[in-house]
Amino acid sequence: MAAYRPPHIPASDITPRSIYMSRRSFLGTAAAGLALTGAGSAFAAPLQARPGPYTLDEKLTPKEAVTSYNNFYEFGTDKSDPSNNAGDFKPTPWTVKVDGLVGKPKEFGLEELLKMPIEDRTYRMRCVEGWSMVIPWIGFPLAALLDQVEPQGSAKYVSFETVVRPEEMPGQKGLFQPLPWPYVEGLRLDEARHPLTILAVGLYGETLPNQNGAPIRLVVPWKYGFKSIKSIVRISLVEKQPETTWKNSNAREYGFYSNVNPAVDHPRWSQATEQRIGEGGFFKTARRPTLPFNGYADDVAGLYAGLDLKANY
Ligand code: MTE
């Protein structure tokens with residue numbers, strides 16, 4: 001990954017929260033749940049969600065920026081590649097296999113996943129490259145899914161895997177392969193069970209656009225964005241620390257934990273500040289200080305008591 005290059009998003013693209021919120025409550029009453037329309041690619045169906053914990057009183061990043069300034073290397077390495085190249089990706093039908101050290105392994109269909117306790121979860125997101133967004137996700141706690149498969153006592157970690165579909169994901173075919181596939185990620189079991197950790201199925205009141213990881217992706221707001229793996233097809237409970245894509249590709253720069261930490265710089269750039277996408281003008285960036293654990297320290301710092309966060313980056 002490279003350091004931050006500013007995108008061109010006019011300040012006028014910012015949707016005031018009041019307008020967005022009134023639209024949300026309209027969707028809440030109008031939508032009788034999710035209408036999953038066939039094998040559509042460019043569809044966006046309204047999604048019903050109840051208010052969740054962790055409300056955030058910060059300006060939302062414009063939807064246009066959330067859905068056009070992306071990292072999803074399966075569709076290319078430029079920020080605009082995912083939105084430009086994900087049109088042929090088919091997020092339905094879809095299943096997620098949950099297996100490994102569990103009492104009840106199971107393959108979940110998307111329809112079943114959409115019946116989980118789906119909530120509004122607006123989170124701050126911080127990319128390791130130095131930019132950040134505030135995104136109104138819709139999703140359910142990963143813990144709710146894990147409960148259903150009954151993890152065994154020997155399970156200490158959770159590993160995640162993205163789909164491999166070179167025919168629908170142009171970044172997975174051709175001469176230049178930026179990463180080995182499938183993209184894989186992992187969490188410690190207690191991180192995976194933390195109530196902040198969700199599987200997101202939508203954003204801004206609708207199902208996930210393909211470029212944001214349709215139909216289901218992980219969201220772990222106190223860690224750098226690359227932990228939030230997209231388009232998940234498999235979740236496994238395991239005993240040993242799982243492999244992760246960015247650590248595999250450059251262990252000096254990317255570790256297993258990847259907690260947002262302004263005190264630990266990336267070897268090639270500082271992590272002390274960040275550019276909130278949509279803030280500042282065309283010529284001027286407006287960097288703000290990065291907060292420990294991305295501002296979620298009160299909730300998660302306890303998970304790392306006694307752990308050296310410099311050595312375990
Ligand atoms: N998941 C997969 N499968 N492939 C990827 O390239 N990029 C990661 C993460 N999940 C990535 C992925 C990175 S680097 C970031 S910053 C976030 O997705 C970006 O999520 P967003 O585009 O929805 O903001």
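All ligand and atom numbering here is 1-based and tracks the order in the structure. Nothing fancy with the numbering, it's 1 onward along the sequence. Keep in mind that the numbers below use all heavy atoms, side chains included, and drop hydrogens, waters and symmetry copies.
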Sequence neighbours excluded - salt bridge (Lys or Arg N to Asp or Glu O under 4.0 Å) pairs with any residue from residues 242-259: E253-R268

Closer than 4.0 angstrom, basic N to acidic O: yes or no for E191 and K223?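 Salt bridge between E191 and K223, a charged N being under 4.0 Å from a carboxylate O: yes.
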
R126 to Y224, cation-pi by 6.0 Å centre distance and 45° axis angle: no

Please state whether the rings of Y304 and F293 are parallel, tilted or perpendicular, taking 30° and 60° as the class boundaries.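 Judged by the thresholds at 30° and 60°, the geometry between Y304 and F293 is parallel.
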
Pairs involving residues 134-153, ordered by first then second residue, that meet side chain to side chain donor-acceptor pair (under 3.5 Å) (sequence neighbours left out):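 As it turns out, the side chain to side chain donor-acceptor pair (under 3.5 Å) pairs with a partner in residues 134-153, which skip direct neighbours, are K104-E150, D147-R193.
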
As a test of reading the model: which N/O atoms of the protein lie under 3.5 Å from N/O atoms of ligand 1, and at what distance?
from, atom 1, to, atom 2, distance (Å)
ligand 1, 1 (N), K230, N, 3.2
ligand 1, 3 (N), E74, OE2, 2.9
ligand 1, 3 (N), T162, OG1, 3.0
ligand 1, 4 (N), E74, OE1, 2.8
ligand 1, 6 (O), Y73, N, 2.8
ligand 1, 7 (N), N71, O, 3.2
ligand 1, 10 (N), S228, O, 3.0
ligand 1, 20 (O), R217, NH2, 3.2
ligand 1, 20 (O), K230, NZ, 3.4
ligand 1, 22 (O), N70, ND2, 2.8
ligand 1, 22 (O), K230, NZ, 2.7
ligand 1, 23 (O), N212, ND2, 3.0
ligand 1, 23 (O), R217, NH1, 3.0

Does anything in residues 141-172 form a ring pair (Phe, Tyr, Trp, His ring centres under 6.0 Å)? List the pairs, not counting sequence neighbours. Y157-F256

